[in-house]
Amino acid sequence: MILFVLGLSFFGHNMTVVYAAIIVLAAKIISQISGAPIILECLGDHGLQFGIIILTAAILVPIANGTVTISTMIESFKSLPGIVALTAGLLAAISGGLGVPLMQENPNVIPALIIGTMAGVFFFKGIAVGPLIAAGFTYFVLAIVEYFK
(Lines give C-alpha, C1' and ligand atoms only; values in the text may rest on other atoms or scores of the structure.)
Protein backbone atom coordinates (compact mmCIF):
# COMPACT_ATOMS: atom_id res chain seq x y z
CA MET A 1 0.00 0.00 0.00
CA ILE A 2 2.88 2.38 0.80
CA LEU A 3 4.33 1.67 -2.66
CA PHE A 4 0.95 2.53 -4.18
CA VAL A 5 0.87 5.83 -2.25
CA LEU A 6 4.47 6.48 -3.29
CA GLY A 7 3.71 5.85 -6.97
CA LEU A 8 0.51 7.86 -6.93
CA SER A 9 2.28 10.74 -5.18
CA PHE A 10 5.17 10.66 -7.62
CA PHE A 11 2.92 10.74 -10.67
CA GLY A 12 0.75 13.38 -8.98
CA HIS A 13 3.88 15.50 -8.45
CA ASN A 14 3.32 15.78 -4.69
CA MET A 15 6.85 15.54 -3.40
CA THR A 16 5.86 16.03 0.26
CA VAL A 17 3.90 12.78 0.21
CA VAL A 18 6.67 11.12 -1.86
CA TYR A 19 9.24 11.96 0.83
CA ALA A 20 6.91 10.85 3.61
CA ALA A 21 6.19 7.55 1.85
CA ILE A 22 9.92 6.97 1.32
CA ILE A 23 10.60 7.60 5.02
CA VAL A 24 7.85 5.17 6.08
CA LEU A 25 8.97 2.58 3.53
CA ALA A 26 12.59 2.87 4.68
CA ALA A 27 11.52 2.54 8.33
CA LYS A 28 9.47 -0.54 7.46
CA ILE A 29 12.33 -2.15 5.52
CA ILE A 30 14.86 -1.41 8.28
CA SER A 31 12.43 -2.77 10.87
CA GLN A 32 11.96 -5.98 8.89
CA ILE A 33 15.68 -6.45 8.24
CA SER A 34 16.66 -5.81 11.84
CA GLY A 35 13.78 -7.82 13.26
CA ALA A 36 13.06 -4.94 15.64
CA PRO A 37 10.24 -2.63 14.60
CA ILE A 38 11.55 0.16 16.83
CA ILE A 39 12.01 2.73 14.04
CA LEU A 40 8.53 2.21 12.64
CA GLU A 41 7.03 2.20 16.15
CA CYS A 42 8.94 5.36 17.07
CA LEU A 43 7.72 7.07 13.91
CA GLY A 44 4.16 5.99 14.65
CA ASP A 45 4.31 6.95 18.32
CA HIS A 46 6.27 10.20 18.09
CA GLY A 47 6.25 11.25 14.42
CA LEU A 48 3.24 13.50 14.86
CA GLN A 49 4.95 15.37 17.70
CA PHE A 50 8.20 15.70 15.71
CA GLY A 51 6.26 16.95 12.70
CA ILE A 52 4.39 19.53 14.75
CA ILE A 53 7.68 20.71 16.28
CA ILE A 54 9.30 21.13 12.85
CA LEU A 55 6.20 22.83 11.41
CA THR A 56 6.00 25.21 14.36
CA ALA A 57 9.71 25.98 14.11
CA ALA A 58 9.29 26.83 10.41
CA ILE A 59 6.39 29.12 11.21
CA LEU A 60 8.48 30.92 13.86
CA VAL A 61 11.36 31.69 11.45
CA PRO A 62 9.84 35.00 10.25
CA ILE A 63 9.77 36.16 13.87
CA ALA A 64 13.37 35.09 14.40
CA ASN A 65 14.67 36.78 11.25
CA GLY A 66 12.75 40.00 11.91
CA THR A 67 10.26 39.75 9.05
CA VAL A 68 7.45 39.66 11.60
CA THR A 69 7.79 42.11 14.47
CA ILE A 70 5.71 42.98 17.51
CA SER A 71 4.20 45.93 15.64
CA THR A 72 3.19 43.75 12.65
CA MET A 73 1.64 41.26 15.06
CA ILE A 74 -0.36 44.01 16.78
CA GLU A 75 -1.42 45.47 13.42
CA SER A 76 -2.61 42.06 12.24
CA PHE A 77 -5.19 41.99 15.05
CA LYS A 78 -6.66 45.26 13.76
CA SER A 79 -7.60 43.91 10.32
CA LEU A 80 -10.35 41.58 9.17
CA PRO A 81 -7.89 39.07 7.65
CA GLY A 82 -5.93 39.10 10.92
CA ILE A 83 -9.03 38.50 13.03
CA VAL A 84 -10.22 35.74 10.69
CA ALA A 85 -6.73 34.17 10.77
CA LEU A 86 -6.69 34.32 14.57
CA THR A 87 -10.09 32.64 14.72
CA ALA A 88 -9.12 30.04 12.12
CA GLY A 89 -5.89 29.27 14.00
CA LEU A 90 -7.85 28.88 17.23
CA LEU A 91 -10.39 26.55 15.61
CA ALA A 92 -7.67 24.52 13.85
CA ALA A 93 -5.77 24.06 17.12
CA ILE A 94 -8.91 22.99 18.96
CA SER A 95 -9.85 20.70 16.07
CA GLY A 96 -6.41 19.08 16.00
CA GLY A 97 -6.46 18.67 19.77
CA LEU A 98 -9.79 16.87 19.60
CA GLY A 99 -8.68 14.83 16.59
CA VAL A 100 -5.86 13.01 18.37
CA PRO A 101 -8.09 11.34 20.98
CA LEU A 102 -10.64 10.51 18.27
CA MET A 103 -7.99 8.66 16.27
CA GLN A 104 -6.79 6.86 19.41
CA GLU A 105 -10.30 5.85 20.48
CA ASN A 106 -11.63 5.08 16.97
CA PRO A 107 -8.74 3.84 14.83
CA ASN A 108 -11.26 2.73 12.20
CA VAL A 109 -11.56 6.39 11.07
CA ILE A 110 -7.84 6.61 10.23
CA PRO A 111 -8.05 5.00 6.76
CA ALA A 112 -10.88 7.36 5.77
CA LEU A 113 -8.91 10.35 7.08
CA ILE A 114 -5.84 9.26 5.11
CA ILE A 115 -7.81 8.66 1.91
CA GLY A 116 -9.60 11.99 2.27
CA THR A 117 -6.34 13.81 2.85
CA MET A 118 -4.64 12.06 -0.06
CA ALA A 119 -7.59 12.94 -2.33
CA GLY A 120 -7.30 16.57 -1.24
CA VAL A 121 -3.58 16.51 -1.97
CA PHE A 122 -3.83 14.74 -5.33
CA PHE A 123 -6.90 16.32 -6.82
CA PHE A 124 -7.06 19.76 -5.20
CA LYS A 125 -3.34 20.52 -4.72
CA GLY A 126 -3.74 20.50 -0.95
CA ILE A 127 -1.06 19.88 1.63
CA ALA A 128 -0.88 16.67 3.65
CA VAL A 129 -1.41 18.23 7.06
CA GLY A 130 -5.07 17.35 6.91
CA PRO A 131 -5.52 14.10 8.86
CA LEU A 132 -5.18 15.70 12.28
CA ILE A 133 -7.49 18.61 11.54
CA ALA A 134 -9.83 16.31 9.61
CA ALA A 135 -10.04 14.10 12.70
CA GLY A 136 -11.00 17.16 14.72
CA PHE A 137 -13.68 18.11 12.20
CA THR A 138 -14.88 14.51 12.32
CA TYR A 139 -15.08 14.80 16.11
CA PHE A 140 -17.17 17.99 15.80
CA VAL A 141 -19.57 16.44 13.28
CA LEU A 142 -19.95 13.24 15.32
CA ALA A 143 -20.55 15.29 18.48
CA ILE A 144 -23.28 17.30 16.71
CA VAL A 145 -24.89 14.11 15.36
CA GLU A 146 -24.75 12.55 18.83
CA TYR A 147 -26.28 15.67 20.38
CA PHE A 148 -29.27 15.59 18.05
CA LYS A 149 -29.91 11.84 18.40
Side-chain angles (χ1 to χ4, degrees), residues 1-70 72-73 76 81-82 84-147 149:
M1 193 62 175
I2 293 295
L3 288 174
F4 176 73
V5 169
L6 178 62
L8 197 58
S9 302
F10 182 77
F11 290 113
H13 303 289
N14 191 312
M15 296 312 291
T16 304
V17 179
V18 168
Y19 300 141
I22 288 170
I23 290 168
V24 171
L25 188 60
K28 182 167 179 62
I29 290 169
I30 292 168
S31 294
Q32 287 181 334
I33 290 171
S34 69
I38 189 132
I39 295 173
L40 200 56
E41 288 176 3
C42 182
L43 185 60
D45 292 343
H46 304 291
L48 184 61
Q49 294 299 17
F50 294 145
I52 291 170
I53 290 167
I54 291 170
L55 180 62
T56 303
I59 290 170
L60 293 175
V61 167
I63 296 171
N65 69 18
T67 305
V68 173
T69 64
I70 294 290
T72 57
M73 283 187 212
S76 73
V84 171
L86 175 69
T87 305
L90 178 70
L91 293 173
I94 292 168
S95 177
L98 295 170
V100 172
L102 175 73
M103 289 188 293
Q104 291 169 339
E105 295 166 10
N106 299 311
N108 58 324
V109 302
I110 293 173
L113 293 170
I114 292 169
I115 292 168
T117 299
M118 297 301 289
V121 168
F122 295 138
F123 301 118
F124 300 103
K125 299 188 192 282
I127 299 174
V129 295
L132 187 57
I133 296 170
F137 289 156
T138 303
Y139 173 87
F140 284 137
V141 170
L142 293 176
I144 290 168
V145 168
E146 187 64 30
Y147 179 79
K149 268 188 169 179

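Bear in mind that the values here come from a model prediction, so they are computed numbers and not experimental data. Computation of the quantities below employed the complete heavy-atom set of this structure, encompassing side-chain atoms and omitting hydrogens, waters and symmetry-equivalent molecules. The residues of the chain are indexed from 1 along the displayed sequence.
- No donor-acceptor pair closer than 3.5 Å links the side chain of S76 to the backbone N or O of G82.
- Atom CD1 in I144 sits 10.5 Å away from atom OH in Y139 (nearest 0.5 Å).
- Taken to the nearest 0.5 Å, the CD1 atom of I29 stands 4.0 Å off from the CG atom of L25.
- Atom CZ in F11 sits 9.5 Å away from atom CG in L6 (nearest 0.5 Å).
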Below 3.5 Å, can you tabulate the donor-acceptor pairs from side chains in residues 32-44 to any protein atom, sequence neighbours excluded?
unit_1	atom_1	unit_2	atom_2	d
S34	OG	I30	O	3.0
S34	OG	S31	O	3.4
S34	OG	A36	N	3.2
S34	OG	A36	O	3.1

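- Other residues, nucleotides and ligands place no more than 12 heavy atoms under 6.0 Å from the CD1 atom of I70.
- The shortest distance between side-chain heavy atoms of K28 and I2 does not fall below 4.5 Å.
- Of the inter-residue distances, the one linking F4 atom CZ with L8 atom CG reads 5.0 Å to the nearest 0.5 angstrom.
- Here CE of M73 is found 12.5 Å from CG of L86. Values are rounded to the nearest 0.5 Å.
- For M15, the CE atom sits in a packed shell: over 12 heavy atoms of surrounding residues, nucleotides or ligands are nearer than 6.0 Å.
- At least one side-chain heavy atom of L102 sits under 4.5 Å from a side-chain heavy atom of L142.
- Under the rule for a side-chain hydrogen bond (donor to acceptor under 3.5 Å, both in side chains), the partners of N65 that lie at least two apart in sequence or sit in another chain are T67.
- Across all non-hydrogen atoms, the minimal contact from P62 to I59 is CD-O, 3.1 Å.
- Scanning both residues, I110 and M103, for their nearest heavy atoms gives CD1-O, 3.9 Å.
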